[in-house]
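Just so you know, residue 1 is the first one in the sequence shown, and it goes up from there. Computed from heavy atoms alone, side chains included, the values below leave out hydrogens, waters and symmetry copies.
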Amino acid sequence: HGLYAGQRTNAGDVHSRSQWLKPNGKMFPTQGVLYVVPFTDDALYIEQYSKAYFWSQQSFHGVDLSSLRQAAIAEYFRQPVVDTFDHRILIAKPTKHVVNFIEDSESTLQDVTIPLNFTVFSAGSIHGLAFWFDVAFMGSTSTVWLSTGPNEPLTHWYQVRCLIPTPLFVAAGQTVRGHVQLTANRKLPISKAK
């Protein structure tokens with residue numbers, strides 16, 4: 001899905017670190033920052049909702065599909081949207097969650113809960129949460145940052161948006177609180193070549 005903490009490679013990197021990294025060795029990436037922020041995007045919301053229109057048919061080759069429409073809507077809204085977006089859809093300052101790949105344990109990355117506390121810039125509808133990340137490569141003499149943010153040059157990670165099924169109307173200056181929980185997929189067994 002493109003979020004650094006959720007990619008199996010990073011959990012594998014942390015596992016490899018505990019197995020083979022020498023004392024004072026270098027770990028790349030060294031640090032990560034995950035950004036979470038509410039967004040408004042009527043067009044995306046309508047697009048996702050419209051995808052379920054197919055399931056409204058009452059006579060698709062003689063089959064009534066309409067009883068599956070609500071399940072289809074739920075499924076479309078369960079799927080993260082991986083693409084780019086204009087930063088102007090963001091309606092609050094992002095919450096930052098920092099991961100230290102040198103010190104954090106593998107279990108810390110398995111299940112991450114991020115408390116959220118936003119003050120909304122302007123009145124409108126919250127259609128979901130947007131995510132992106134920055135990672136730092138801290139070398140001996142310099143640090144290089146890679147950002148996947150909406151104001152930065154495009155990377156193959158893009159950004160991720162998770163829609164909520166029912167938009168939340170908010171007023172300018174309103175505080176919105178909650179949390180987001182990121183759970184890594186369980187590890188698949190590694191088969192050994194014979």
Side-chain angles (χ1 to χ4, degrees), residues 1-8 10 31-56 66-99 104 108-136 145-185:
H1 59 67
L3 296 178
Y4 72 93
Q7 292 185 336
R8 291 286 356 139
N10 292 106
Q31 183 180 44
V33 181
L34 178 64
Y35 298 86
V36 185
V37 62
F39 71 90
T40 184
D41 191 337
D42 288 319
L44 179 65
Y45 180 81
I46 291 168
E47 176 187 331
Q48 287 299 97
Y49 205 86
S50 297
K51 288 179 180 179
Y53 183 75
F54 171 83
W55 300 98
S56 298
S66 62
S67 65
L68 299 172
R69 185 167 188 272
Q70 289 305 317
I73 291 170
E75 183 59 29
Y76 285 120
F77 278 87
R78 232 180 254 125
Q79 298 173 10
V81 178
V82 179
D83 66 358
T84 61
F85 56 80
D86 188 304
H87 71 277
R88 291 174 290 187
I89 69 168
L90 305 176
I91 60 173
K93 287 185 178 180
T95 291
K96 299 176 186 177
H97 178 77
V98 177
V99 173
D104 290 351
T108 302
L109 296 179
Q110 283 295 123
D111 194 27
V112 177
T113 300
I114 304 169
L116 305 174
N117 188 2
F118 302 110
T119 301
V120 177
F121 297 147
S122 58
S125 295
I126 293 177
H127 290 105
L129 295 173
F131 299 81
W132 68 89
F133 65 89
D134 297 344
V135 286
W145 282 91
L146 167 72
S147 178
T148 65
N151 292 329
E152 299 297 330
L154 185 61
T155 70
H156 78 274
W157 288 284
Y158 298 92
Q159 295 94 41
V160 175
R161 287 182 284 171
C162 296
L163 288 154
I164 55 176
T166 304
L168 176 64
F169 184 77
V170 291
Q174 184 174 350
T175 300
V176 178
R177 292 184 184 94
H179 72 275
V180 65
Q181 184 169 356
L182 305 173
T183 304
N185 294 330

Problem set entry | Full working for side-chain contact (heavy atoms from CB on, under 4.5 Å) between Thr84 and Gln159 | CA-CA 6 Å; Thr84 61; Gln159 295 94 41; 3.8 Å; yes
Exercise. Are Leu116 and Leu129 side-chain neighbours, meaning at least one heavy-atom pair lies under 4.5 Å?
Worked result: yes
Exercise. What's the shortest heavy-atom distance between Leu90 and Pro150, and which atoms?
Worked result: CD1-CG, 4.3 Å
For this session: For Phe169 and Ala123, work out which heavy atoms get closest and say how close.
Result: CZ-CB, 4.4 Å
Exercise. What is the distance from atom CG of Asp104 to atom CG of Leu109, rounded to the nearest 0.5 Å?
Worked result: 6.0 Å
Problem set entry | Residues forming a ring pair (Phe, Tyr, Trp, His ring centres under 6.0 Å) with Phe77, sequence neighbours excluded | Tyr45
Exercise. Looking only at heavy atoms, what is the nearest atom pair of Leu168 and Ile164, with distance?
Worked result: N-CD1, 4.1 Å
Seminar exercise, completed: Residues at least two apart in sequence or cross-chain that pass side-chain hydrogen bond (donor to acceptor under 3.5 Å, both in side chains) with His87, listed by chain then number, are Asn151
Problem set entry | Flag side-chain contact, heavy atom, 4.5 Å: Arg161 against Ile89 | yes
Exercise. Any idea which heavy atoms bring Tyr158 and Asp83 closest together, and the distance?
Worked result: CB-O, 3.5 Å
Exercise. Do Val99 and Leu34 have side-chain heavy atoms sitting under 4.5 Å apart?
Worked result: no
For this session: For Tyr53, check ring pair (Phe, Tyr, Trp, His ring centres under 6.0 Å) against everything at least two apart and list the hits.
Result: none
For this session: Would you sort out whether Leu163 and Phe39 count as a side-chain contact (heavy atoms from CB on, under 4.5 Å), showing the intermediate values?
Result: CA-CA 9 Å; Leu163 288 154; Phe39 71 90; 3.8 Å; yes
Seminar exercise, completed: Sequence neighbours excluded, the answer for side-chain hydrogen bond (donor to acceptor under 3.5 Å, both in side chains) partners of Asp42 is His127
Problem set entry | Minimal non-hydrogen separation, Val98 against Val33, with atom names | CG2-CG2, 4.2 Å
Exercise. To the nearest 0.5 Å, how far apart are CD1 in Ile91 and CG in Asp41?
Worked result: 11.0 Å
For this session: Please report the shortest heavy-atom distance between Pro115 and His179, naming the atom on each side.
Result: CA-CB, 4.2 Å
Problem set entry | CD1 on Ile73 to CD on Gln48, rounded to 0.5 Å | 11.5 Å
For this session: To the nearest 0.5 angstrom, please state how far the CZ atom of Phe85 sits from the CG atom of Leu44.
Result: 10.5 Å
Exercise. Backbone N or O of Phe133 within a donor-acceptor pair of the Thr148 side chain at under 3.5 Å?
Worked result: yes
For this session: Under the side-chain hydrogen bond (donor to acceptor under 3.5 Å, both in side chains) rule, collect the residues that match up with Thr113, sequence neighbours excluded.
Result: none
Exercise. Are any non-hydrogen side-chain atoms of Phe118 and Gln174 less than 4.5 angstrom apart?
Worked result: no
Problem set entry | side-chain contact (heavy atoms from CB on, under 4.5 Å) against Arg78, all qualifying residues, sequence neighbours excluded | Ala74, Glu75
